[in-house]
Asks: 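Pasting a structure here, questions to come.
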Protein chains: 2
Amino acid sequence: MGTAPGPVMPVAPGRATIPGTRRPRDAERTRAQLLAVATGRFARNGYATTTVRDIADDAGVNVALISRYFTSKEGLFEACLAEAVTEVRRDSDDTPLDRIAAALAHKIAGPDREDRLPERFLLLLRSSGDQHAEDMRLGVLRTISERMASAAAGHDDGSALLRAQIVLSAALGIILMRGSLGLQPLAGATEQDLAAPLADLVNALCAKDRTS
Amino acid sequence: MGTAPGPVMPVAPGRATIPGTRRPRDAERTRAQLLAVATGRFARNGYATTTVRDIADDAGVNVALISRYFTSKEGLFEACLAEAVTEVRRDSDDTPLDRIAAALAHKIAGPDREDRLPERFLLLLRSSGDQHAEDMRLGVLRTISERMASAAAGHDDGSALLRAQIVLSAALGIILMRGSLGLQPLAGATEQDLAAPLADLVNALCAKDRTS
DNA sequence: CGCATAAGTCAGCGGGTGTTTACTAGTAGT
DNA sequence: ACTACTAGTAAACACCCGCTGACTTATGCG
């Protein structure tokens, strides 16, 4: 469905490498490339839609290498998810409340991100049906929301965690809208554009002193 | 043709129909049932994951009826989406600003919803890859956010629409978290639990008079 | 060099998917 | 009661997917 260039395909399959030059034998490198390509495709198009042939072609390697390095498509997905989880976890270490909004804006729309963090957040919303993967993404979402709740620390009633999860939902919803839907003007908003609204949002939901 | 005289009657492969009784001949009814089941499955598990046989079995009818009534799986998806779009559009008619939050809370977590609105919102986030469907969901999201922006009508700078879209993103993010992820305590929050936080959220993002 | 081993390729297999075609069986009109 | 028509069924087809086992080629080491 998605990719047009399916048929025809002469004997040399869709290799990204130049036909004359051979792919250098670097297992580590191709493994990493497979992971990167797969993360992008899984995050953007979902698990079931993405085929292993798409990934392999995009990475310029043979399909069999996926099974070799990650045992299966699900294994590859779990590897992507694991990487995303560690990356996301590290990035959400200990942010004080008054900087959460700015940090969110930066993560969502920061210019020229090399860590591809929005992609990784998006991946947390994708499901492969596998239980282990399910546990991982639920775990990291729980961790993040708990950290945010403790950073906020307002609301002596039990609603702090709930409110933090709402903020998290908002952030992920925004990423989804930008990355998968392309709803303008949200999709084209810069980090500066998002800073003020997000500050209002975080403040209203997590600040100690509220009106209502 | 002396082929296998006994139809044997494999007694209702699905489960919706009682083995003994035959499905009554009601095209309208089965069509509606297919649509309802498909909407639920598409919204919950996504387009690619859901198989037409799952849908048919769940509705208690034969698979071929999907092609008959909706020409194809994509046609069925578009029909579900169209229904969801009209339902969502009607439900977001003209809500004054001060009631948006309550309305959202009711739509997200209202008790015993017969219109299955959360499901329909969730469907708006699912993609089949078809361009026509893509246009539909983008259109309805645009409409809703514009209505919300005009209801708010604050922010003489051009950020009203952006802020409305952030509110919408938050709502959809929450629905996604509840319906697809099951993140507690958000997933189990009642309408009352959500009312106050959502009021804060809407107020902070859309109210005319803000501090910062 | 010669060879063992790892990196990468190729072609094909089961299995599941969406769709179609031929068929059965209720139902309404005359 | 006969017939035309439509709702519903069953089985198969063609295709694409994930995966595998045998093969080829480059690199490291004596």
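First the proteins, then the strands, lettered A, B, ... as listed; each starts at 1.
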Asks: Does anything in residues 176-187 of chain B pair up under side chain to side chain donor-acceptor pair (under 3.5 Å), and if so which pairs, sequence neighbours excluded?
Replies: B/R126-B/S180
Asks: Please give, in whole Å, the distance from C/dT17 P to B/R41 CZ?
Replies: 12 Å
Asks: What is the separation between atom CZ on B/R31 and atom P on D/dT6, rounded to the nearest whole Å?
Replies: 16 Å
Asks: Does any non-hydrogen side-chain atom of A/Y47 lie less than 4.5 Å from one of B/T49?
Replies: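 Heavy-atom side-chain distance check fails, nothing below 4.5 Å.
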Asks: Would you say A/L205 and B/P197 make side-chain contact, with heavy atoms under 4.5 Å?
Replies: yes
Asks: To the nearest angstrom, how far is A/F77 atom CZ from D/dG18 atom P?
Replies: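 One finds 14 Å between P of D/dG18 and CZ of A/F77, rounded.
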Asks: Write down the protein N/O and nucleotide N/O pairs, taken from nucleotides 2-5 of chain C, whose separation is under 3.5 Å; answer none if there are no such pairs.
Replies:
none

Asks: Which residues pass the side-chain hydrogen bond (donor to acceptor under 3.5 Å, both in side chains) test with B/Q131, not counting sequence neighbours?
Replies: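 Per chain and number, B/Q131 pairs via side-chain hydrogen bond (donor to acceptor under 3.5 Å, both in side chains) with B/D135.
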Asks: Checking B/R68 now: which residues fulfil side chain to side chain contact (heavy atoms under 4.5 Å, CB included) with it, not counting sequence neighbours?
Replies: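 Once residues adjacent in sequence are excluded, the partners of B/R68 under the side chain to side chain contact (heavy atoms under 4.5 Å, CB included) criterion are B/L65.
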Asks: Checking contacts here: which listed nucleotide (C/dG8, D/dT9, C/dT9) is nearest the side-chain heavy atoms of A/V61?
Replies: C/dT9
Asks: Taking the side chain as C-beta and beyond, is there a heavy-atom pair between B/I166 and A/L194 under 4.5 Å?
Replies: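 Yes, at least one pair of side-chain atoms sits under 4.5 Å.
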Asks: Who are the side chain to side chain contact (heavy atoms under 4.5 Å, CB included) partners of B/T71, not counting sequence neighbours?
Replies: none
Asks: If you compare every side-chain N and O of B/T30 against the phosphate oxygens of D/dG8 (OP1, OP2), does one of them come in below 4.0 Å?
Replies: yes
Asks: Write down the distance between CG (B/L34) and C1' (C/dG18), rounded to a whole number of angstrom.
Replies: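 In whole Å, C/dG18 C1' and B/L34 CG are 15 Å from each other.
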Asks: In whole angstroms, how far is the P atom of C/dC10 from the CG atom of A/L65?
Replies: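 Atom-to-atom, A/L65 to C/dC10, this comes out as 11 Å.
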Asks: Could you list, one pair per line, each protein nitrogen or oxygen that sits under 3.5 Å from a nitrogen or oxygen of nucleotides 19-23 of chain D, together with the distance?
Replies:
residue	atom	partner	partner atom	Å
D/dC19	OP2	A/K73	N	2.7
D/dC19	N4	A/R53	NH2	3.4

Asks: Specify the separation, in whole Å, of atom CD of A/Q33 and atom C1' of C/dG8.
Replies: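 To the nearest whole Å, that distance equals 14 Å.
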Asks: Check side chain to side chain contact (heavy atoms under 4.5 Å, CB included) between A/A79 and all other residues, then give those that pass, not counting sequence neighbours.
Replies: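 Side chain to side chain contact (heavy atoms under 4.5 Å, CB included) check on A/A79 returns A/L35, A/F70.
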Asks: Tell me the interatomic distance from B/R29, atom CZ, to C/dG26, atom C1', rounded to whole angstroms.
Replies: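 B/R29 atom CZ is separated from C/dG26 atom C1' by 17 Å.
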Asks: Mind checking side chain to side chain contact (heavy atoms under 4.5 Å, CB included) for B/V52 and listing every partner two or more places apart, or none if nothing turns up?
Replies: B/V63, B/I66, B/K73
Asks: For residues 99-108 of chain B, which residue pairs qualify under salt bridge (charged side-chain N to carboxylate O under 4.0 Å, His left out), counting only residues two or more places apart or in two chains?
Replies: B/D91-B/K107
Asks: Within the 4.0 Å heavy-atom criterion, would you say A/T50 contacts the bases, only the backbone, or no part of the nucleic acid?
Replies: sugar-phosphate
Asks: Would you kindly give the CG-to-P distance between A/D26 and C/dA7, to the nearest whole Å?
Replies: 9 Å
Asks: Scan residues 116-125 of chain A for pairs that pass side chain to side chain donor-acceptor pair (under 3.5 Å), counting only residues two or more places apart or in two chains.
Replies: A/E83-A/R120, A/R116-A/E119
Asks: My understanding is that only residues two or more places apart in sequence, or in another chain, count here; which of them pass side-chain hydrogen bond (donor to acceptor under 3.5 Å, both in side chains) with A/R31?
Replies: none
Asks: With each end axis built from five pairs of C1' atoms, what bend angle do you get for the helix from C/dC1-D/dG30 to C/dT30-D/dA1? Round to 10°.
Replies: 0°
Asks: Should A/Y69 be listed as having a side-chain N or O under 4.0 Å from OP1 or OP2 of C/dG8?
Replies: yes
